[in-house]
Amino acid sequence: MMPSNLKLHKSEKLCSSTAIDALFARKGKGALAFPVRMVVAKGERSHGAQVQFLISVPKKRLRHAVDRVTMRRRIRESFRLNRHLLPELPEGMTVNVAFIYVASQLVPYHKVEKAICRLLPQITVEMVAAEMNDGSEKI
């Protein structure tokens, strides 16, 4: 069952530079479903959306700005339409997610959507693994 409100709100976009730095400071925490790689980190803010995301399409991969914008739009649209696949998170827990485009050419929308659909359910798996690792390091 799809939710009736499919609008993408400003609170769902990850804009904080400190949160983005913290997200990329965690080496190796993420998943890959070609052509998109996902990096996940636990968020710090408890207000706003539970899942905040950003999309990165490197200039090294797609040289033309038109192609980068096209892929950003395809990734954003697939996230917007499939965010109902996100698992339920505990109350007060927030997650920051980065979607990074890794292909070296334009990919059709259906392949991007398939990749996003495979990545979204993995968010809690990544978070549980990160929580367990954090707990073992403190002992």
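Using a 4.5 Å cut-off on side-chain heavy atoms (C-beta onward), Pro35 and Tyr101 make contact. Residues Asn82 and Glu113 are in side-chain contact: their nearest non-hydrogen atoms beyond the backbone lie under 4.5 Å apart. Two residues are said to be in side-chain contact when any heavy atoms from C-beta on lie closer than 4.5 Å; Arg83 and Val51 fail this criterion. Proximity of Val39 to Asn96: side-chain heavy atoms (C-beta onward) are nowhere separated by under 4.5 Å.
In this structure, Ile20 CD1 and Cys15 SG are separated by 7.0 Å, a value rounded to the nearest 0.5 Å. Interatomic distance, CG of Leu14 versus CZ of Phe53, reported as 9.5 Å (0.5 Å rounding). Atom CD1 of Ile123 and atom CD of Gln50 lie 11.0 Å apart (nearest 0.5 Å).
When all heavy atoms of Leu23 and Val97 are compared, the closest pair comes out as CD2-C, 4.1 Å. Among all heavy-atom pairs drawn from Ala103 and Arg61, the shortest one is O-CB, 3.4 Å.
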Side-chain donor/acceptor pairs under 3.5 Å, residues 68-81, sequence neighbours excluded:
{"from": "Arg68", "atom 1": "NH1", "to": "Leu62", "atom 2": "O", "distance (Å)": "2.9"}
{"from": "Arg68", "atom 1": "NH1", "to": "Arg63", "atom 2": "O", "distance (Å)": "2.9"}
{"from": "Thr70", "atom 1": "OG1", "to": "Val66", "atom 2": "O", "distance (Å)": "2.8"}
{"from": "Arg74", "atom 1": "NH1", "to": "Val107", "atom 2": "O", "distance (Å)": "2.6"}
{"from": "Glu77", "atom 1": "OE1", "to": "Arg80", "atom 2": "NE", "distance (Å)": "3.1"}
{"from": "Glu77", "atom 1": "OE1", "to": "Arg80", "atom 2": "NH2", "distance (Å)": "3.3"}
{"from": "Glu77", "atom 1": "OE2", "to": "Arg80", "atom 2": "NH2", "distance (Å)": "2.7"}
{"from": "Ser78", "atom 1": "OG", "to": "Arg74", "atom 2": "O", "distance (Å)": "3.2"}
{"from": "Ser78", "atom 1": "OG", "to": "Ile75", "atom 2": "O", "distance (Å)": "2.8"}
{"from": "Arg80", "atom 1": "NH1", "to": "Leu6", "atom 2": "O", "distance (Å)": "3.1"}

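Proximity of a side-chain donor or acceptor of Gln52 to a complementary backbone N or O of Val95 within less than 3.5 Å is not detected.
Residues satisfying the side-chain contact (heavy atoms from CB on, under 4.5 Å) criterion with Pro90, sequence neighbours excluded, are Met93.
Heavy atoms from other residues, nucleotides or ligands lying under 6.0 Å from NE2 of His64 number 12 at most.
Other members of the hydrophobic cluster containing Leu32, listed by chain and number, are Phe34, Val102; membership follows side-chain contacts under 4.5 Å among ILVMFWY residues, whether direct or relayed.
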